[in-house]
Amino acid sequence: MTPSLSSRLSPEIKQYLIITGNYWSFTLTDGALRMLVVLYFHQLGYSPLAIASLFLFYEFFGVVTNLLGGWLGARLGLNKTMNIGLFLQIVAVSMLALDEQLLSIAYVMVAQALSGIAKDLNKMSAKSAIKLLVPKDQDSTLYKWVAILTGSKNALKGVGFFLGGMLLTLLGFQGALWFMAAMLTITWLMSLLLLTQDLGKKKNKPKFSELLSKSKQLNLLAAARMCLFASRDVWFVIALPVFLASTFGWDHWWVGGFMASWVIAYGIVQANAPKITKGTENRFKQALFWVTILSFIPALLALGLWLEWQPKLVIIGGLLIFGAVFAINSSLHSFLIVKIADSDGVSMDVGFYYMANAMGRLIGTVLSGLVFQLYGLESCLLVSSAMLVMASLFTVGLSKRN
């Protein structure tokens with residue numbers, strides 16, 4: 001009798017597949033929640049800067065969580081950090097689903113802080129686990145697995161954006177949030193039952209003083225990552241959805257649909273990045289090549305808007321091109337951090353790296369609201385291009401060290 005697929009999988013891979021399933025489930029609600037908050041508070045008349053402020057704690061506590069979460073993962077095991085993240089997201093969504101009169105800026109910021117902690121505990125757990133499943137010398141396999149995990153996650157986040165716009169239209173703000181809280185609760189209960197292995201525990205308990213990276217290679221990669229994600233979020237988080245709603249007059253369905261399409265296409269390209277960058281070429285040099293190309297795209301889009309040349313074509317077509325090239329950059333980065341991370345206590349190196357990622361998102365979110373409110377979308381795109389030039393400079397130093 002032929003054994004079932006489940007019986008042929010090792011316990012480690014079974015646990016990793018459960019972690020990945022949790023990560024995907026969480027990602028859907030995370031994307032939906034962000035779109036719900038942006039569209040709902042824009043509908044209430046909040047300014048772009050005020051909407052951006054709602055996400056400050058979300059991004060700030062993402063920075064803290066990645067740093068401390070990697071340490072916790074090395075001490076407690078990745079299953080525990082995953083379950084804690086799922087529970088905190090349930091609390092955050094439920095807080096926002098209460099009486100709408102409670103939804104002051106301070107209250108929403110606290111709920112978003114819990115959501116930011118939850119998200120990065122989940123991301124750190126999933127990204128760290130993959131390092132432990134691939135033999136050290138199989139870089140092509142590692143690159144492929146990382147690309148598939150990250151790309152599928154981002155495609156699902158895009159579906160989450162669409163889901164957020166759809167739920168807001170069909171169920172209203174509170175109804176949408178209660179629906180998501182129920183779905184997350186089911187995922188969390190299943191995770192408590194099925195996640196049993198302490199994957200990712202460090203052999204020796206890590207000291208709190210080991211949190212910061214002492215590797216110049218990792219520091220350069222983290223700095224490049226910070227600039228890379230700041231360059232995306234400076235136009236994507238606040239400026240773009242508000243611009244689409246206010247300038248083009250799009251409703252929730254259209255805004256959520258476009259944002260969803262962008263992220264889904266981004267995720268598909270990201271998952272297929274190993275095929276696009278195939279060959280034995282040095283991956284560090286490839287990272288420099290692709291970030292250099294990316295740095296020109298936002299500046300060209302800003303020029304197109306300034307010249308008032310087919311604004312819809314510039315925004316829709318141009319940002320899809322940006323997304324494709326950005327996806328290759330992100331996939332290369334995700335592979336490089338997993339490759340150079342120390343296998344023993346991998347979550348600490350991965351956590352430090354994604355702390356820089358969260359810092360980039362925080363910078364991008366603040367600038368997205370501020371620059372858009374003061375100067376418009378063209379200026380957001382110019383700031384994006386400047387951030388990418390900085391990322392290129394850090395990547396030059398990284399490629400020279402390799």
Side-chain angles (χ1 to χ4, degrees), residues 52 59 63 213 216-240 243 262 266 269-270 273 276-277 281-307 309 314-315 317-337 340 352-402:
E59 302 297 358
V63 176
S213 170
K216 290 184 178 180
Q217 187 183 41
L218 182 54
N219 289 337
L220 284 169
L221 185 61
R225 182 78 172 195
M226 179 180 72
C227 295
L228 183 68
F229 273 77
S231 77
R232 182 198 67 178
D233 284 3
V234 71
W235 59 263
F236 185 77
V237 174
I238 306 297
L240 183 60
F243 180 86
W262 190 92
Y266 163 73
V269 174
Q270 198 171 38
I276 300 171
T277 61
E281 187 178 346
N282 188 305
R283 299 296 182 194
F284 294 94
K285 290 182 179 178
Q286 284 186 334
L288 176 59
F289 171 77
W290 285 102
V291 75
T292 302
I293 291 177
L294 186 63
S295 63
F296 288 99
I297 297 176
L300 292 174
L301 296 183
L303 179 62
L305 286 177
W306 182 67
L307 294 174
W309 184 82
V314 169
I315 290 297
L319 292 181
L320 286 174
I321 295 171
F322 178 96
V325 181
F326 185 92
I328 296 171
N329 278 274
S330 178
S331 196
L332 280 166
H333 273 231
S334 295
F335 160 72
L336 290 174
I337 176 54
I340 67 177
F352 175 81
Y353 174 74
Y354 282 104
M355 175 199 69
N357 188 106
M359 181 66 76
R361 295 198 313 265
L362 173 61
I363 294 169
T365 298
V366 174
L367 291 178
S368 186
L370 180 62
V371 175
F372 180 73
Q373 183 168 317
L374 294 177
Y375 305 108
L377 185 61
E378 298 96 325
S379 297
C380 290
L381 289 165
L382 290 175
V383 173
S384 174
S385 189
M387 290 287 184
L388 288 166
V389 171
M390 293 175 63
S392 301
L393 294 175
F394 287 121
T395 310
V396 167
L398 182 63
S399 61
K400 285 181 177 180
R401 292 188 62 84
N402 290 275

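Note that the structure is predicted; figures quoted are calculated from it, not measured.
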Looking at every non-hydrogen atom in both residues, tell me the closest pair between [X] and [Y] and how far apart they are.
X      : Y      : value
Gln270 : Ser331 : O-OG, 3.2 Å
Ile337 : Ser334 : CG2-O, 3.2 Å
Tyr375 : Ser379 : CB-OG, 3.1 Å
Ser295 : Ser385 : O-OG, 2.6 Å
Ser384 : Ser231 : OG-O, 2.6 Å
Cys380 : Ala239 : SG-CB, 3.9 Å

Can you confirm whether [X] sits close enough to [Y] that some side-chain heavy atom of one is under 4.5 Å from a side-chain heavy atom of the other?
X      : Y      : result
Met387 : Val234 : no
Phe335 : Gln286 : no
Ile321 : Leu301 : no
Leu228 : Phe326 : yes

What orientation do Trp262 and Trp235 show, parallel under 30°, tilted 30 to 60°, or perpendicular over 60°? perpendicular
Any chance you could measure [X], atom [atom1], to [Y], atom [atom2], to the nearest 0.5 Å?
X      : Y      : atom1 : atom2 : result
Thr395 : Met390 : OG1   : CE    : 11.5 Å
Phe322 : Arg232 : CZ    : CZ    : 8.5 Å
Leu381 : Ile315 : CG    : CD1   : 6.0 Å
Asp233 : Arg361 : CG    : CZ    : 7.0 Å
Leu374 : Leu367 : CG    : CG    : 10.5 Å
Thr292 : Asn329 : OG1   : CG    : 8.5 Å

Step by step, work out the side-chain contact (heavy atoms from CB on, under 4.5 Å) result for Leu294 and Ile297. CA-CA 6 Å; Leu294 186 63; Ile297 297 176; 4.3 Å; yes
side-chain contact (heavy atoms from CB on, under 4.5 Å) assessment of Val291 paired with Leu332: CA-CA 10 Å; Val291 75; Leu332 280 166; over 6 Å; no
What's the verdict on side-chain contact (heavy atoms from CB on, under 4.5 Å) for Phe284 and Leu220, showing C-alpha distance, side-chain angles and the deciding distance? CA-CA 11 Å; Phe284 294 94; Leu220 284 169; over 6 Å; no
Identified side-chain contact (heavy atoms from CB on, under 4.5 Å) counterpart of His333 within the set Ile328, Leu221, Asn357: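 So the option named by the test is Leu221.
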